[in-house]
Structures are given as structure tokens and as C-alpha cells.
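Just so you know, these numbers use all the heavy atoms, side chains as well, and skip hydrogens, waters and symmetry mates.
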Amino acid sequence: QVQLVESGGGLVQAGGSLRLSCAASGRTLNNYIGGWFRQAPGKEREFVAAITWSAGSTYYADSVKGRFTIARDNAKKTVYLQMNSLKPEDTAVYYCAGKWGIPMMLATQYTYWGQGTQVTVSS
């Protein structure tokens, strides 16, 4: 069992930056995949980024490549999402997520979810 607690959301102007954190607890993260998803009002939850805990391999949605960076801190058991050059279309509730095994980009494949944090980008 893994519990995820995320933080770091807020209001930022277009072009600004935010750093989201997702702290994991409950068990070892061996073979763990950390991910970030977002959901805007009236839209489905969409994949943002993922990282393998062991090797640190990263995966990104095309819409955020070059602007967002996912990383993990082994000692703190925390996954981060550094968001730069934010755009109004990035506005959404951001959820961190976790699963075991291999990286996936489908929300239905993830077992653990954070509570969500609002990111609002003003124009």
C-alpha cells in the first residue's frame, strides 16, 4: 500500500513556474512508477509525465515536453513536477499517481492517487 500526498499548486501568471511535490509513504518504492496527470473542468484526466523509480527514465506528453520536468528523490521518496513557461491551457487539477511494474500513460492503469492540487495559470 502506498499513500500519496501532493502539494505545490497555486496561481501563477502565464510564463511563470510552479513546482509540484508528491510524497509517498507506506512501502518500498522498488519497481515503482510515479506519474502526473491533470484534469480540467469538463475534460478527461490526461497524462502529463511519468518516471521509473529505479532508473529514472522519464516520459512526457507532447504538450509539456520542453517545459515540464519530472524527477524523483530517492531519500525523500518524493516525485516532483517542475513546470516552467506555464500557459493558461495548463490550468487544471494536477494529480500524482503511482503504479507497479512498467510505465503507462493511461490513468486507469495507476493504483495510487494523490488528492489533487489546483494549478491556475492566468493570462
ask   = If you group Ile, Leu, Val, Met, Phe, Trp and Tyr by side-chain heavy-atom gaps below 4.5 Å, do Leu20 and Phe37 land in one group?
value = no
Check residues 79-88 and write down every donor-acceptor pair under 3.5 Å in which the side-chain atom is one partner and the other belongs to a residue at least two apart or another chain.
| from | atom 1 | to | atom 2 | distance (Å) |
| --- | --- | --- | --- | --- |
| Gln82 | OE1 | Arg19 | NH1 | 3.3 |
| Gln82 | NE2 | Asn84 | OD1 | 3.0 |
| Asn84 | OD1 | Ser17 | OG | 2.8 |

key: Heavy-atom closest contact (Ala97 atom, Tyr32 atom, distance)   = O-OH, 3.8 Å
request  = Please check if the side chain of Arg72 supplies one atom and the backbone of Trp53 the other of a donor-acceptor pair under 3.5 Å.
outcome  = yes
query = Going hydrophobic residue to hydrophobic residue with side-chain gaps under 4.5 angstrom, can you get from Trp36 over to Val64?
reply = yes
task = Flag yes if Ile70 and Tyr59 sit in one hydrophobic cluster, no otherwise; membership is Ile, Leu, Val, Met, Phe, Trp, Tyr, and two members link when side-chain heavy atoms are under 4.5 Å apart.
result = no
Nearest atoms (heavy-atom pairs only) where Leu4 meets Ala24 = CD2-CB, 3.7 Å
message = Is there a path of hydrophobic side-chain contacts, each under 4.5 Å between heavy atoms, that joins Phe68 and Met105?
response = no
inquiry  = Looking at Thr52 and Ser57, would you say the former's side chain and the latter's main chain have a donor-acceptor pair under 3.5 Å?
reply    = yes
Name each donor-acceptor pair under 3.5 Å that joins a side chain in residues 112-123 to protein atoms two or more places apart or in another chain, with its distance.
| from | atom 1 | to | atom 2 | distance (Å) |
| --- | --- | --- | --- | --- |
| Tyr112 | OH | Trp100 | NE1 | 3.0 |
| Trp113 | NE1 | Tyr110 | O | 3.4 |
| Gln115 | OE1 | Glu6 | N | 3.2 |
| Gln115 | NE2 | Glu6 | O | 2.7 |
| Thr117 | OG1 | Gly9 | N | 3.2 |
| Gln118 | NE2 | Ala92 | O | 3.4 |
| Gln118 | NE2 | Thr120 | OG1 | 3.3 |

query = Are Gln39 and Tyr95 side-chain neighbours, meaning at least one heavy-atom pair lies under 4.5 Å?
reply = yes
query = Which atom names give the shortest non-hydrogen contact between Thr78 and Ser21, and what distance separates them?
reply = CG2-CB, 4.2 Å
key: Within residues 41-112 or reaching into it, pairs that qualify as disulfide (SG to SG under 2.5 Å) - sequence neighbours excluded   = Cys22-Cys96
task = Kindly say whether Leu106 contributes a backbone atom to a donor-acceptor pair with the side chain of Thr108 at under 3.5 angstrom?
result = no
key: Distance in Å, Glu44 CD paired with Glu46 CD, rounded so as to fall on 0.5 Å steps   = 10.0 Å
task = Kindly give the heavy-atom pair with the smallest separation between Tyr94 and Val48, and that separation in Å.
result = CE2-CG2, 4.3 Å
note = In this structure, CD of Gln109 is separated from CD1 of Ile33 (nearest 0.5 Å) by 12.0 Å
message = Could you tell me if the side chain of Ser63 sits less than 4.5 Å from the side chain of Arg38, heavy atoms only?
response = yes
